Amino acid sequence: MNSIFTIQTLKNVFISLIKKIITKKKFDNLLIEKEKSRVVSQNEIKTVGVITSQSLSKWGNIQEEVEKILKVQNVKFFSFLDVSKKYKSSLNHFSDKSFNWQGEIQQTELLRFLEEPFDLLIGYFNKKNTFIESAVLHSKATFKVGISEVNQKLYDMEIVEIPSNIKNFLIELKKYLILLNKIKN
């Protein structure tokens, strides 16, 4: 029984690694393509989406903080989960299982979220992750902001902040959005 479990575990790790490599290659090609045609929106922020990782969600209620500090309503939220084989998709979560072998997103709820033309998308994650970065890249948001040193090519603006300081990140973001006339004071 132990050797069967080990073989199955190795098989799952191998499958996950191959999927990650293919998704990364597709991501890199799409990033180059999107960089050439990037246009930064000048629109005022009325709709906000947040993509984060499960590990950063533990620091507080990001959605509630965004609504309070940026003074916007109905912030939509999606979180990446590192999960086991038994993962089932849910309304506000995705995983590597949300991507097929060609690196394409196959989870309907995530696709709907990414198709929304948010005025602002906040990528609130601080570690490179092919699947989260791919989701940010595929988003139809017109202005994207994230934590610095993850992947500057994804964002129109980056904020330097320790991830556990959600409030400080959002206060700094608000200052820049006011300067850019994207929100009112």
Side-chain angles (χ1 to χ4, degrees), residues 19-20 23-24 26-28 30-31 34-35 38 40-41 43 45-70 72-83 87 89-100 103-170 172-174 176-177 182:
K19 188 188 285 190
K20 187 175 184 177
T23 301
K24 176 72 171 140
K26 184 169 183 134
F27 167 81
D28 289 340
L30 185 60
L31 185 60
K34 288 212 174 197
E35 236 183 338
R38 177 183 271 173
V40 178
S41 168
N43 295 341
I45 306 282
K46 294 179 183 168
T47 58
V48 178
V50 177
I51 296 178
T52 190
S53 66
Q54 175 186 20
S55 61
L56 292 186
S57 297
K58 68 183 175 191
W59 298 110
N61 188 332
I62 298 170
Q63 184 175 358
E64 187 177 290
E65 289 293 328
V66 169
E67 289 176 352
K68 184 172 77 178
I69 293 171
L70 299 183
V72 292
Q73 298 297 314
N74 302 318
V75 172
K76 295 193 178 173
F77 186 88
F78 240 88
S79 182
F80 179 81
L81 303 174
D82 287 317
V83 293
Y87 170 76
S89 65
S90 68
L91 285 177
N92 293 24
H93 298 94
F94 69 108
S95 76
D96 63 329
K97 305 225 184 292
S98 303
F99 293 76
N100 66 19
E104 297 166 345
I105 299 167
Q106 60 186 11
Q107 182 183 349
T108 306
E109 296 85 4
L110 179 57
L111 284 169
R112 275 193 211 119
F113 176 84
L114 298 175
E115 285 295 318
E116 284 200 42
F118 295 111
D119 298 317
L120 172 64
L121 179 77
I122 299 172
Y124 203 79
F125 57 99
N126 66 330
K127 293 182 181 160
K128 289 193 174 289
N129 179 305
T130 300
F131 302 107
I132 305 173
E133 290 175 66
S134 186
V136 170
L137 182 62
H138 280 87
S139 172
K140 301 288 189 232
T142 58
F143 192 74
K144 298 177 184 179
V145 176
I147 296 174
S148 68
E149 297 187 22
V150 173
N151 188 337
Q152 70 183 38
K153 293 178 181 180
L154 283 177
Y155 302 117
D156 301 305
M157 182 170 59
E158 294 180 306
I159 305 287
V160 177
E161 188 56 69
I162 299 168
S164 60
N165 292 333
I166 297 166
K167 190 174 183 177
N168 290 348
F169 173 89
L170 293 170
E172 192 69 17
L173 173 59
K174 182 177 181 178
Y176 286 107
L177 294 176
K182 294 184 100 21

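Because the structure is predicted, anything quoted here is derived from the model rather than measured.
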Between CD1 on residue Ile105 and NE2 on residue His138, distance to nearest 0.5 Å: 5.0 Å

Heavy-atom closest contact (Ile147 atom, Glu161 atom, distance): CG2-O, 4.0 Å

Glu67 (side chain) donor-acceptor with Val75 (main chain) under 3.5 angstrom: yes

Leu173 to Met157 - nearest heavy-atom pair and separation: CD1-CE, 3.5 Å

Donor-acceptor contact present, side-chain Lys182 to main-chain Asn43, <3.5 Å: yes

Glu149, CD: over 12 other non-hydrogen atoms inside 6.0 angstrom: no

Main-chain N/O of Val150 paired with Lys128 side-chain donor or acceptor, under 3.5 Å: yes

Pairwise distance OG1(Thr142) to CG(Asp119) - rounded to 0.5 angstrom: 5.0 Å

Ile51 and its side-chain contact (heavy atoms from CB on, under 4.5 Å) partner, picked from Phe80, Phe77, Phe94: Phe94

Nearest non-hydrogen partners of Leu121 and Val50, listed with the distance: CD1-N, 4.2 Å

From NZ (Lys20) to CG (Asn129), nearest 0.5 Å: 6.5 Å

Flag, side chain of Gln107 to backbone of Lys97, donor-acceptor distance under 3.5 Å: no

Leu177 vs Leu120, side chain to side chain contact (heavy atoms under 4.5 Å, CB included): CA-CA, chis, key distance, verdict: CA-CA 10 Å; Leu177 294 176; Leu120 172 64; 4.1 Å; yes

Distance, nearest 0.5 Å, that separates CZ of Phe143 from CD1 of Ile45: 6.5 Å

Phe118 six-ring centre to Lys76 NZ/CZ under 6.0 Å and within 45° of normal: no

For the student: nearest non-hydrogen atoms of Ala135 and Leu114, plus distance: O-CD2, 3.1 Å

SB check Glu109 Arg112 (cutoff 4.0 Å): no

Which atom of Gln54 lies closest to which atom of Asp82, heavy atoms considered: OE1-N, 3.6 Å

Closest approach of Thr52 to Ile132 (non-hydrogen atoms, all atoms of both residues): O-CD1, 4.5 Å

Residues, nucleotides or ligands: over 12 heavy atoms within 6.0 Å of Gln106 CD: yes

Intermediate values then yes/no, side chain to side chain contact (heavy atoms under 4.5 Å, CB included), Ile122 and Phe169: CA-CA 11 Å; Ile122 299 172; Phe169 173 89; 3.8 Å; yes

Polar side-chain atom of Ser98 near backbone of Ser95 as donor-acceptor pair, under 3.5 Å: yes

From CD1 (Ile159) to CG (Asn165), nearest 0.5 Å: 13.0 Å

Close side-chain approach of Lys144 to Leu154, heavy-atom, < 4.5 Å: no

Distance (rounded to the nearest 0.5 Å) between Tyr124 OH and Ile166 CD1: 5.0 Å

